[in-house]
Each structure stands twice: as structure tokens, then as C-alpha cells.
Amino acid sequence: MSASTDSTWFTTDRLGMFIHWGLYALPARHEWVKNRERLTDDQYQVYFDHFDPDRYDPAEWARTAKAAGMRYVVLTTKHHDGFCLWDSALTDYKVTKTPHGRDLIGPFVDACRAEGLKVGFYYSLIDWHHPAFPVDGTHPRRDDAAYIEAAADRDIRDYQEYLHGQVRELLTTYGTIDYLFFDFSYAGRDEWWGGKGPDDWDSHRLLALVRELQPGILVNDRTGIPGDFITPEQYQPSGPMTDGGRPVLWEACQTLNGSWGYDRDNLDHKSAELLVRMLVDGVSKDGNLLLNVGPTGRGDIDPHATAVLADLGRWMDLHERSVRGCGPAEWTAPPDCRYTQRGDRLYLHLFAWPLRHIHLPGLAGRVRYAQLLNDASEIVRVQVDPDLPAQNTRMGGQAPGTLTLQLPVQRPDTPVPVIELFLAPRSDRALGA
Ligand code: GLC
């Protein structure tokens with residue numbers, strides 16, 4: 001991280017929106033369609049020729065993000081197919097040459113700013129369209145011997161120049177950019193021959209350029225050299241993430257249905273409850289969630305995504321303070337629960353609703369007051385004598401120092417109920433003291 005980089009907004013906000021949008025919204029069967037179906041440039045051209053998102057309304061996207069509780073938005077300026085959503089001077093493979101004919105990035109940046117959201121760009125290091133990008137195992141033409149032969153003299157340095165030039169454009173045209181997600185390095189990975197990494201992108205020089213142009217920006221780690229944060233993809237880490245034993249900033253990027261681009265027939269939708277759990281799980285491990293939507297070829301966020309984001313937003317509206325600015329707690333949460341903490345507030349997130357009682361080891365004498373966060377209704381403690389065993393109608397057998405709370409039988413009607421615990425300084429008289 002450069003000396004001037006302030007990551008406070010990132011660890012405070014905790015939740016952002018990822019937007020994967022480009023030509024692949026038209027085939028509507030995954031953003032890797034050109035790779036998966038081994039499409040030639042000519043075959044893929046039909047999407048370029050028909051790209052005309054007449055309903056593109058970035059103000060609506062920004063409002064949707066904000067209402068879902070998201071505080072930053074990251075848009076694909078170019079994905080692996082090489083198509084540019086801005087009027088790059090370095091290529092004709094860009095939105096201004098499609099029927100739409102207008103820059104998409106400027107209005108997006110303005111819309112985010114108008115809603116007070118931080119602005120992020122995704123930029124693909126991989127480029128399946130650029131004539132100087134050496135063919136490798138990710139390339140749509142990876143099995144075409146004649147194509148590979150014809151491409152044999154491609155020089156990655158020519159592509160580097162293009163890549164660095166485009167990053168310069170993106171970071172000088174649209175004012176302050178808060179966040180940059182490069183995607184991705186795969187040198188030495190088994191699944192693809194000819195993998196590329198930091199030497200191919202000239203990552204040290206690339207990052208220096210980024211820092212020079214946008215000194216306050218946060219950059220991810222996918223150039224293959226360390227950035228400001230790391231990016232677990234489609235999985236939840238099992239604890240706070242570290243690098244060489246030191247804690248690092250991290251952000252899980254997650255899809256709504258397993259695909260990043262609009263994928264019409266994919267019904268593998270995650271529920272609002274699962275999404276809230278993923279968010280909370282991340283914050284309890286000191287991480288962020290970047291949750292993806294893949295707008296349609298007309299520019300709309302599809303109805304499934306809209307509905308689940310609205311549910312997420314309803315949860316955030318009532319429970320925001322259990323994630324925003326929060327991080328891990330010093331106690332280990334009981335089974336099926338996650339703790340988050342901010343100062344003297346400890347938040348107990350219940351992934352499963354227990355019968356009547358929940359036991360919190362180590363918290364006896366540490367809690368001044370407890371309430372359900374959704375309606376500020378008091379949660380009372382019950383006394384459990386640690387010296388007595390449990391028998392017929394009497395609880396027992398809890399470790400000394402355990403605080404026991406009595407819950408209502410009815411679970412609050414919200415994806416993940418939260419109990420807010422007001423912590424007392426050690427000397428205070430408190431619940432369970
Ligand atoms: C991957 C995929 C990609 C997606 C990205 C998001 O690396 O190649 O399609 O954009 O992850 O993290």
C-alpha cells in the first residue's frame with residue numbers, strides 16, 4: 001500500500017456491488033462464452049453489431065446498490081473478450097463503435113458520485129481480441145493449430161503498451177477513482193498452458209503508474225504482485241486472511257448464481273438469507289463482500305437480482321450497524337453464530353434460531369444490556385449455576401464465565417436475526433456478573 005493510501009472507507013463500508021457487463025450480456029450464457037464455445041472473432045462480432053443497451057440507466061444501478069446497503073460499485077471497463085466500455089483512443093473495439101455509440105463509463109462514474117458511492121473499475125489483463133495478445137490456454141482459439149501458428153510472432157510487449165495505455169486513459173479521464181480490480185494472473189497454473197503473470201503485464205511498472213495517477217486508489221492483487229487487498233473468489237475464507245503471517249485486507253467477490261455475466265437460463269440463485277450470511281461471515285473475519293450483478297443486454301438488472309438485493313437492503317436497513325465499520329470480536333462465537341464488533345458493541349448473528357437459550361462463553365460480567373437489533377426489544381439473561389449439572393427442568397453444566405440469554409420462541413422475521421450486546425468495562429456490574 002502506498003504511504004498516502006487510506007483504506008478506512010473500505011473496511012468501514014464492507015459491502016460493494018460488482019457489475020459484469022459487456023458484449024457477453026447478449027449471448028446471455030456466461031461471460032466466458034467466447035472461450036467456452038471457442039468462438040472466432042467473426043462469430044463473436046454479432047454481439048458487437050447488436051450491442052445497444054437502450055435501457056442503460058446508471059443512476060438506477062447506483063440507487064439499487066445504495067438501497068441494498070452497498071457503498072461502492074465496481075464495473076467491468078473491459079473483460080477478457082477485450083471489449084471496452086469507454087471511448088478508448090487505443091482501439092476500435094469499443095462501445096462508441098457499436099450501435100449504442102456512446103461512452104458508458106462516464107455516466108456510470110457520475111451516477112455513483114451522485115449517490116455518494118465510491119467508484120471502482122475492473123480491468124481485464126487477459127484480452128482475447130487484441131492482435132498482440134499471445135495465444136494461451138484461456139484463449140478461444142487455443143485448439144486451432146493454424147491460428148496459433150499465425151499468431152506465433154505476437155510480442156507481449158506490444159500488448160503491454162496497450163494495457164498500460166488503457167489504464168492511463170481510465171485513470172486520467174474520469175476524475176478520482178477509488179478502487180481498481182485487475183483480472184488476472186495465471187502463470188504456472190495447471191489448467192491453462194502459456195499462463196501469464198507479472199512479467200507479462202510488467203506489473204511493477206503498471207502498479208507504479210496506477211499509484212502515480214491515482215495516489216489514493218486501492219488496487220487488488222491479481223497483477224501477480226502484492227496490492228492493497230486480496231480477492232478470494234466464490235468462496236468464504238475460513239478465518240481472517242494473512243500474508244506471511246500478517247493480516248491483510250481482503251474482499252470476497254461472489255456471484256448471485258455462479259455466473260458473473262448475465263446468464264439467462266441459470267437458476268442457481270442464492271437466497272437473501274445466504275447472501276446476508278456470507279456478508280456477516282466475511283465481516284466476522286475482517287473481510288468485505290463484493291456482490292455481483294450481471295445486467296442484461298438492454299442494461300437492466302434482472303428481476304431476480306433486483307428482488308434479492310431489495311431483501312438484502314431491508315436487512316441492511318435494520319442491521320447496518322452490525323456490519324458497517326465492524327470487524328472480528330475477541331470471543332469465539334457459539335455454533336451457528338458469528339460475532340462482529342465495533343468498539344463497545346458486540347453483535348451476535350444467529351444463523352440458526354435456538355430454542356429459548358443461547359450460552360455465550362466468556363461474556364458473563366461483560367455485558368451491560370442486550371437487545372434484538374431489528375426492534376430494540378430487550379433480551380434478558382438467565383442465571384445458570386456453573387457448579388450444578390443440568391437436570392430435569394434446570395439448566396446447568398455451562399463453563400464458568402458463560403452468559404446465558406433467553407430468546408423469544410418466535411424468531412424475528414428477517415434473514416439473519418442479530419442481538420446487540422452493549423459491552424461493559426470489566427469493572428462494571430453487568431448482566432450475568
Ligand atoms: C474470474 C473470471 C471472471 C470474473 C472474475 C471476477 O477470474 O475470469 O470472469 O470476472 O473472476 O472475480
Side-chain angles (χ1 to χ4, degrees), residues 10 15-39 44 47 70 72-85 105 120-130 133 136-140 142 163 166-167 170 179-198 200-201 203 218-224 227-237 241 249-264 266 268 270 275 278 282 287-295 305:
F10 185 73
L15 177 60
M17 176 183 270
F18 214 172
I19 304 180
H20 274 70
W21 199 44
L23 298 183
Y24 44 80
L26 271 62
R29 46 183 193 273
H30 201 277
E31 78 285 352
W32 276 55
V33 59
K34 193 179 183 196
N35 157 293
R36 289 180 169 186
E37 299 180 13
R38 293 171 170 73
L39 302 177
Y44 202 70
Y47 308 123
M70 295 154 165
Y72 59 103
V73 187
V74 182
L75 173 62
T76 49
T77 58
K78 178 191 93 165
H79 203 262
H80 307 336
D81 64 5
F83 176 69
C84 299
L85 274 64
I105 299 296
F121 288 162
Y122 166 109
Y123 181 88
S124 174
L125 298 164
I126 299 172
D127 194 314
W128 298 327
H129 182 269
H130 196 277
F133 188 85
D136 63 30
T138 70
H139 199 279
R142 61 195 171 281
L163 149 65
Q166 287 210 313
V167 169
L170 286 168
Y179 170 118
L180 189 55
F181 190 117
F182 285 115
D183 199 31
F184 58 83
S185 294
Y186 49 110
R189 292 253 296 256
D190 302 340
E191 49 289 47
W192 301 293
W193 54 268
K196 297 181 176 56
D200 302 289
W201 323 128
S203 295
L218 295 178
V219 191
N220 78 346
D221 61 333
R222 293 193 185 180
T223 57
D228 301 315
F229 62 98
I230 63 176
T231 54
E233 176 175 331
Q234 301 228 47
Y235 75 93
Q236 289 295 118
M241 298 192 83
L249 294 187
W250 66 270
E251 174 195 66
C253 47
Q254 298 280 5
T255 60
L256 290 178
N257 62 359
S259 172
W260 299 93
Y262 179 58
D263 195 358
R264 184 192 57 208
N266 174 337
D268 202 10
K270 297 182 178 85
L275 296 173
M278 286 158 52
N288 282 26
L289 173 62
L290 185 65
L291 186 59
N292 183 72
V293 297

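Whatever order the structure lists ligands and atoms in, that order sets their numbers, starting from 1.
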> Should the pair Tyr72 and Phe10 be assigned to parallel (<30°), tilted (30 to 60°) or perpendicular (>60°) ring geometry?
Replying inline: tilted
> Gly82 and His129: which non-hydrogen atoms are nearest, and at how many Å?
Replying inline: CA-CB, 4.4 Å
> Do you know the tightest heavy-atom contact between Tyr122 and Val74?
Replying inline: N-CG1, 3.9 Å
> Under 6.0 Å between the ring centres of His30 and Tyr262?
Replying inline: no
>> In this structure, is the centre-to-centre distance between the rings of Tyr44 and Phe83 below 6.0 Å?
In response: no
> Around ligand 1, what residues show up once you keep those with a heavy atom under 4.0 Å from it?
Replying inline: Phe18, His20, Glu31, Trp32, His79, His80, Tyr122, Phe181, Asp183, Phe184, Arg222, Glu233, Cys253, Trp260
>> Under the rule for side-chain contact (heavy atoms from CB on, under 4.5 Å), what residues qualify as partners of Asp200, not counting sequence neighbours?
In response: Ile156, Lys196
